[in-house]
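When a ligand or atom number is given, it counts from 1 through the structure's own listing order.
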Amino acid sequence: MTITETTTYPIDLLLLADPEEQAIQAYITRSSCYVKEMDGKVVGTYVILPTRPHTMEIMNIAVEESLQGKGIGKQLIQHAIQTSRELGYTSIEIGTGNSSIPQLYLYQKCGFRIVGIDKDYFTQHYDEPIFENGLQCRDMVRLRQYI
Ligand code: ACO
Ligand code: ACO
């Protein structure tokens with residue numbers, strides 16, 4: 001698995017996970033960004049940021065649209081967990097929208113448990129309303145696992 005750290009942020013991919021570039025800019029320079037390449041092309045990415053003592057958060061994770069559903073997302077999460085563990089963190093967190101049903105499924109399959117809800121996070125922090133599958137994204141579902 002060729003997943004490496006980079007300072008050349010794949011913004012097109014990052015925007016798939018987070019539709020506001022301003023929001024990405026707010027965390028990207030304080031974070032570490034990793035990419036998966038296939039045939040010299042970036043096909044997936046994740047971004048991790050230490051948020052509290054002992055705690056790392058996956059701020060962004062995305063796979064190129066044509067390659068989604070083939071297990072790359074799962075590989076990226078497993079790599080993020082391993083990287084965080086090697087860096088000495090004991091807890092990893094991820095947050096996603098109430099409307100992101102496949103993502104909630106994936107994160108729980110990767111060992112995360114739901115630990116809370118930031119009610120109205122997306123309606124308060126994002127300029128444009130976000131809809132997924134006809135459902136408005138309003139609340140942030142927060143998940144965590146000990147590693
Ligand atoms: N419905 C049900 N299950 C699904 C779906 C779906 N639509 N999509 C994937 N899964 C399942 C797979 O079946 C697989 O489970 P399995 O191992 O039991 O077969 C599991 O989820 C893993 O799927 P992957 O193929 O590894 O997922 P993928 O490579 O598509 O990556 C990701 C997932 C990153 C969410 C990708 O789809 C993506 O880039 N989406 C757009 C951006 C996005 O939403 N990013 C997350 C935002 S939240 C954040 O960034 C913190
Ligand atoms: N994935 C995504 N969307 C779905 C799914 C699914 N698996 N199933 C239904 N939907 C959507 C439909 O598309 C529809 O949305 P739309 O109006 O935008 O098209 C909406 O949900 C309503 O679907 P219905 O066809 O009305 O749902 P159904 O008649 O299947 O009833 C129910 C839902 C009661 C959950 C039924 O599937 C069932 O009896 N399941 C087994 C028992 C169960 O789980 N009960 C709930 C337990 S919790 C509780 O009882 C408090």
Side-chain angles (χ1 to χ4, degrees), residues 1-6 8-39 41-52 55-85 87 89 91-147:
M1 176 182 358
T2 52
I3 297 176
T4 50
E5 193 171 357
T6 183
T8 311
Y9 311 124
I11 191 70
D12 290 352
L13 283 182
L14 298 172
L15 283 166
L16 291 178
D18 194 336
E20 281 189 12
E21 191 161 349
Q22 225 180 328
I24 297 171
Q25 295 300 348
Y27 57 73
I28 195 80
T29 53
R30 297 178 288 132
S31 305
S32 302
C33 181
Y34 290 78
V35 289
K36 179 180 171 75
E37 292 185 58
M38 277 166 62
D39 303 325
K41 190 173 174 299
V42 174
V43 297
T45 187
Y46 72 82
V47 174
I48 45 176
L49 174 70
T51 49
R52 292 196 305 280
T55 301
M56 191 71 98
E57 179 167 344
I58 300 176
M59 302 298 289
N60 190 307
I61 177 162
V63 172
E64 190 199 294
E65 268 170 314
S66 66
L67 292 170
Q68 288 175 9
K70 297 182 188 298
I72 297 173
K74 204 175 205 175
Q75 267 183 22
L76 290 168
I77 290 178
Q78 285 165 351
H79 194 272
I81 291 169
Q82 185 61 27
T83 302
S84 304
R85 195 183 282 135
L87 289 168
Y89 291 85
S91 167
I92 187 162
E93 297 186 342
I94 193 162
T96 196
N98 58 281
S99 50
S100 300
I101 310 298
Q103 289 82 345
L104 285 165
Y105 172 87
L106 170 61
Y107 303 155
Q108 290 177 85
K109 270 202 131 171
C110 288
F112 288 89
R113 298 274 309 268
I114 293 174
V115 291
I117 309 285
D118 281 347
K119 203 156 177 279
D120 294 313
Y121 179 89
F122 291 99
T123 37
Q124 282 171 4
H125 292 91
Y126 284 73
D127 291 339
E128 299 292 329
I130 304 166
F131 283 87
E132 289 180 295
N133 308 310
L135 191 62
Q136 186 169 4
C137 180
R138 299 173 189 274
D139 310 314
M140 165 89 84
V141 181
R142 302 210 50 86
L143 303 98
R144 178 186 306 144
Q145 70 173 293
Y146 295 100
I147 55 178

Subject >> Flag if over 12 foreign heavy atoms under 6.0 Å of CD, Glu5 >> reply: yes
Subject >> Polar proximity ligand 1 side, Tyr107 side, N/O cut 3.5 Å exclusive >> reply: no
Original post:
Do other residues, nucleotides or ligands put more than 12 heavy atoms under 6.0 Å from Gln124 CD?
Top reply: yes
Subject >> Polar contact flag for Gly71 and ligand 1 (N/O pairs, less than 3.5 Å) >> reply: yes
Original post:
Any non-hydrogen atom of Gln75 lying under 4.0 Å from ligand 1?
Top reply: no
Original post:
Should Lys109 be counted as touching ligand 1, given the test is an N or O pair under 3.5 Å?
Top reply: yes
Subject >> Flag for Tyr34-His79: side-chain donor and acceptor within less than 3.5 Å >> reply: no
Original post:
Between Asn98 and Tyr121, does any side-chain donor sit less than 3.5 Å from a side-chain acceptor?
Top reply: no
Subject >> Sub-4.0 Å atoms of ligand 1 with respect to non-hydrogen atoms of Asn60 >> reply: 50 (O)
Subject >> CA sep, side-chain torsions, deciding dist, call: Val43, Lys70, side chain to side chain contact (heavy atoms under 4.5 Å, CB included) >> reply: CA-CA 12 Å; Val43 297; Lys70 297 182 188 298; over 6 Å; no
Original post:
Which residue pairs pass the salt bridge (charged side-chain N to carboxylate O under 4.0 Å, His left out) test with at least one member in residues 101-122, sequence neighbours excluded?
Top reply: none
Original post:
Hey, is Gly69 one of the residues with a heavy atom under 4.0 angstrom from ligand 1?
Top reply: yes
Original post:
Where on Ile58 is there a heavy atom closer than 4.0 Å to ligand 1, on the side chain, on the backbone, on both, or on neither?
Top reply: backbone
Subject >> Flag for Thr55-Glu93: side-chain donor and acceptor within less than 3.5 Å >> reply: no
**OP:** Give me the one residue out of Arg52, Arg30, Arg144, Arg142 that meets salt bridge (Lys or Arg N to Asp or Glu O under 4.0 Å) with Glu57.
**Re:** Arg142
Original post:
Can you find a pair of side-chain heavy atoms, one from Phe131 and one from Gln136, that are under 4.5 Å apart?
Top reply: yes
**OP:** Examine Gly73 against ligand 1 and note whether any of their N/O atoms are separated by less than 3.5 Å.
**Re:** yes
**OP:** Would you mind running through ligand 1 and noting each atom that sits below 4.0 Å from a heavy atom of Lys70?
**Re:** 25 (O)
**OP:** Enumerate the protein residues lying less than 4.0 Å from ligand 2, judged by heavy-atom distances, in chain and residue-number order.
**Re:** none
Original post:
Looking at ligand 1, does any of its N/O atoms fall within less than 3.5 Å of an N/O of Val63?
Top reply: yes
Original post:
Which of the atoms in ligand 1, numbered in the order shown and given with their element, are less than 4.0 Å from a heavy-atom of Leu106?
Top reply: 20 (C), 21 (O), 22 (C), 33 (C)
Subject >> Side chain Asn60, main chain Ala17, donor-acceptor under 3.5 Å >> reply: no
Original post:
Is ligand 1 under 4.0 Å from a heavy atom in the side chain of Glu65, in the backbone, in both, or in neither?
Top reply: neither
**OP:** Kindly determine whether Ile94 and Tyr46 satisfy side chain to side chain contact (heavy atoms under 4.5 Å, CB included), including the steps that lead there.
**Re:** CA-CA 11 Å; Ile94 193 162; Tyr46 72 82; over 6 Å; no
Original post:
Should Thr8 and Val42 be marked as a side chain to side chain contact (heavy atoms under 4.5 Å, CB included) after you check the CA-CA gap, both sets of side-chain angles, and the distance that decides it?
Top reply: CA-CA 11 Å; Thr8 311; Val42 174; over 6 Å; no
Original post:
Can you tell which part of Tyr46 has a heavy atom less than 4.0 Å from ligand 1: side chain, backbone, both or neither?
Top reply: neither
Original post:
Backbone, side chain, both or neither: what part of Lys74 comes under 4.0 angstrom of ligand 1, heavy atoms only?
Top reply: both
Original post:
Which atoms of ligand 1 are found less than 4.0 Å from any heavy atom of Pro102?
Top reply: 1 (N), 5 (C), 6 (C), 7 (N)
**OP:** Check the angle between the aromatic planes of Phe112 and Tyr107 and answer parallel, tilted or perpendicular using the 30° and 60° thresholds.
**Re:** perpendicular
